[in-house]
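Remarks on the structure that follows.
Note that the structure is predicted; figures quoted are calculated from it, not measured.
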Number of protein chains: 2
Amino acid sequence: MTPPRTARHDRGHVVDVALELLDRVGLPDLTMRRLAAELDVQPSALYWHVASKQELLAAVADRILDRTPPSPDDGVPAAARSIRDALLAYRDGAEVVMSSYALGLGARHAYDVLAGALRRAGIPDVDASAAVLLQFVLGHTLVVQQRMHAESHGAAGVDGGWIESARSDAAIFDHGVRALVALPAR
Amino acid sequence: MTPPRTARHDRGHVVDVALELLDRVGLPDLTMRRLAAELDVQPSALYWHVASKQELLAAVADRILDRTPPSPDDGVPAAARSIRDALLAYRDGAEVVMSSYALGLGARHAYDVLAGALRRAGIPDVDASAAVLLQFVLGHTLVVQQRMHAESHGAAGVDGGWIESARSDAAIFDHGVRALVALPAR
DNA sequence: ACCTGAACACCGTTCAAGT
DNA sequence: ACCTGAACACCGTTCAAGT
């Protein structure tokens, strides 16, 4: 019955709540002040746990990608799909990962997952292929998620809808992945 | 000698100055207030020419991409390169285009350039291939430009530098494009 | 037609001070 | 170790009013 006088938080908890808030309200509304309110704390308190908003977002990006399974032996397309699915699992997931890509963190694990799958598949020039694949996965998912924004926000596809292509996103994605693993780097 | 009492602006000029300012200070510092100062005008004056910052950025995105040549007959890789180069020509160009992608505008012209080149090359399933190519070009360029941020801002590649792959960006890009046009959509 | 002035409802971040 | 309170230097946007 005592009010949670000792409801104090640690860094892990702050990141957890940030990820949950991201999924609920989206990146534009994930502000430090809003996150602080969610934690029943003053905004300045966040800076005890985290050096900056950018660092917070990098930690969130890691959380989004970290649970990507090491892809035991299902092949490269399965590995690529698991990364795409991790990005799609949270609202604005791809954008968060992309924006913290600059720090050199975040996408590291995804790169390793792809590189591992490529190596097991016996594909030559693993480094270049993994980079190409990761860039495609990020670009594709960013586009798909951006379109979700537009559709939910109303004013989308004003002039016909070239933006949604003939095939479904999943087919487009598989097409791209298949093409990229088929051709060795040469 | 008369002070420019009639220095009034039109929409085209506002977008011009916004693009120049973007290239000079980067997207995070391209604020409505800063742009207004550049035009010697109060911030509220911008809303006569433009409905919102988002609309302004969409117009800037169009300017970035619009001058991509129709690629007479140099093939698909040349078309893809010309789009990448247009994005790289301005600071944060890829990010601006991507963020206004949601409005359905901006990348339309780029899509058409790619689709045209694919059609002339006799590649089947033009729609799906153009979508895949555009997604790869956007993802690749976003990654490259994000890395420029990181490097100029100091704190990059802390743990070794997996992020810069074995090959140069241009080689990675060409590898991706070649792979994507080699395999028909099936 | 184009702009000013003033206001509204916000931001991220710092820092002394509290417990 | 973790948080409050107050402040600093900003944001995008609206709207009546001016010329």
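Side-chain atoms of S52(B) stay outside donor-acceptor range of the base of dG12(D), with no qualifying N/O pair under 3.5 Å.
Looking at which nucleotide of DNA chain C each of R33(B) and D10(B) is closest to, the 5′-most match is held by D10(B).
Judged purely by atom type and a 3.5 angstrom limit, Q145(A) uses its side chain to pair as donor or acceptor with the backbone of A94(A).
Looking at heavy-atom distances under 4.0 Å, S44(A) makes contact with a base.
There is a path of hydrophobic side-chain contacts, each under 4.5 Å, that joins L19(B) to V17(B).
Ionic pairing of R24(B) and D29(B) is not present here: no N-O contact between side-chain nitrogen and carboxylate oxygen is shorter than 4.0 angstrom.
For Y47(A) and dA6(D), the OH to C1' distance is 15 Å, given to the nearest whole Å. Between R8(A) atom CZ and dT19(C) atom C1' there is a gap of 7 Å when expressed in whole angstrom units. A straight line from CG of L46(B) to P of dT14(D) spans 13 Å, rounded to a whole angstrom.
Base-pair partner of dG18(D): dC2(C) (Watson-Crick or G-U wobble, both distances under 3.5 Å). Across all strands shown, dT13(D) is found opposite dA7(C) as a Watson-Crick or G-U wobble partner, with both distances under 3.5 Å.
Only the P atoms considered, dC2(D) is 22 Å distant from dA17(C), to the nearest whole Å. Across the C1' atoms, dC10(C) and dC8(D) are found 15 Å apart, a figure rounded to whole Å.
Closest heavy-atom contact between H175(B) and S129(A): NE2-OG, 3.9 Å.
Closest to the side chain of Q42(A), out of dT13(C), dT4(D), dT13(D), is dT4(D). With distances taken from any side-chain atom of W48(B) to the nucleotides dT4(C), dA1(C), dC2(D), the minimum falls on dA1(C). Nearest nucleotide to the side chain of A45(B), out of dC3(D), dC3(C), dT13(C): dC3(C).
The side chain of H49(A) places no N or O atom within less than 4.0 Å of a non-bridging phosphate oxygen (OP1 or OP2) of dA1(D).
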